[in-house]
Amino acid sequence: MKNVVGFGHASVRIDDPKLVVVLATGGTIAQDGARTATIGVETLLQLSGIDREVECLQLMQVTSPNIRPEHWLVLAEQVAIVAARPDVSGVVITHGTDTLEETAFFLDLTYRGTKPIVIVGAMRPSHSLESDGPLNLRHAIMLARSPEARNRGVLTVLNARVQAARDVTKRHSVDVDAFDSPNIGDVGAIENDKPRVAAPLDALPHFLLPSALPPIPVIYAYAGQEPETLSFLASARPPGLVFAGTGGGSIPDAILPTVQRAAQEGTIVVRSSRTGAGAVARNAEVDDDANGFVAAGTLNPQKARVLLMLCVAAGFDTRRTQEMFAKCSGATEFSTTGATR
Ligand code: ASP
């Protein structure tokens, strides 16, 4: 389903394109109150009050807990195709908020262009009295059209806050102001209908789009964790796993041997933290050198999983994987100066 709205590209100068392509995937922004996404992208656009120089494509209509790596691959391909068009200024993706951060980070690691890619969602159905979707979409289109948003990697905009895919995370289950970037903060804002974006961040490494992504589980640490809960590792033998450790990425003594065994048998083990902010530094809490583990730096477990999937798909070993994590998140060595354990 493809629609050209308003002026389309005929009136657009190629050296200064204004056309924004909206790729719609579903989520609460496309809900009319029911639990499933049903509102089509043209209706969403009408609600946003923008009726010119926008083209829409309804790519899928799913709620984001059901987004899978296969969807990321479809989306990444579409983004590359659309962004390569000389008449296009930028791309907006409407998405459910639950896993928006994972899709955003995946695209950030695989998109090679400089045009703005903006992911947007909503915490309230778009037809509800208190809906945030239409305004969020309006802001996203403005951001995707803005020269200031070029060369900034993949951005998100919700509640007028512009955030970078590498750090943004959903940290409230119902509030309209549900997204934060706990380690680097917002990178911009929309004020009086005008986007403002900070200077570019350090470039992320970029991965070629693989044909498929490997299964990578996330194991969540808790007090009293029993080794039996990890018994699936012996039979599943995943190529990688992310351990959402306590505090600075700690692994309880009771299960450390099981995790060590998985690493010895070829699973790339990445230590992240369940705390939601701050870094997991290399060789802090756990001896990563001796165990052959990788420290996730500031990447939360779900983002660490996205990066690890791409590293495994690229055939990287533990050392190369650690390099990629350091590039994405500053997974620095532990220092005893002023540090607490
Ligand atoms: N469950 C919805 C989803 O992620 C929530 C939302 O979009 O806000 O698709």
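Atoms within each ligand, like the ligands themselves, are counted from 1 in listed order. Here, residue 1 is the first one in the sequence, and each next residue gets the next number.
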Under a 3.5 Å distance rule, please check whether [X] uses its side chain to pair with a backbone N or O of [Y] as donor and acceptor.
| X | Y | result |
| --- | --- | --- |
| Asn300 | Gly276 | no |
| Asn283 | Asp288 | yes |
| Gln58 | Gly40 | no |
| Ser272 | Ala296 | no |

Quick one: does [X] get an N or O within less than 3.5 Å of an N or O on ligand 1?
| X | result |
| --- | --- |
| His95 | no |
| Thr28 | yes |
| Gln31 | no |

By number and element, which atoms of ligand 1 are closer than 4.0 Å to a non-hydrogen atom of [X]?
| X | result |
| --- | --- |
| Thr63 | 9 (O) |
| Ala122 | 6 (C), 7 (O), 8 (O) |
| Pro65 | 3 (C), 4 (O), 9 (O) |
| Gly27 | 7 (O), 9 (O) |

Show me the donor-acceptor pairs within less than 3.5 Å that the side chains of residues 240-251 make with the rest of the protein, sequence neighbours left out.
{"unit_1": "Ser250", "atom_1": "OG", "unit_2": "Glu285", "atom_2": "OE1", "d": "2.9"}

In terms of residue, atom name and distance, what is the protein heavy atom nearest to [atom]?
| atom | result |
| --- | --- |
| atom 8 (O) of ligand 1 | Thr97 OG1, 2.4 Å |
| atom 1 (N) of ligand 1 | Asp98 OD2, 3.2 Å |
| atom 4 (O) of ligand 1 | Ser64 OG, 2.5 Å |

**Prompt:** Can a salt bridge be assigned to the pair Glu323 and Arg319 using a cut-off of 4.0 Å between side-chain N and carboxylate O?
**Reply:**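 Result for this pair is yes, salt bridge flagged.
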
**Message:** Check Asp180 with Arg161, please: is the shortest side-chain N to carboxylate O separation under 4.0 Å?
**Reply:**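 Salt bridge flag = yes for Asp180 with Arg161.
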
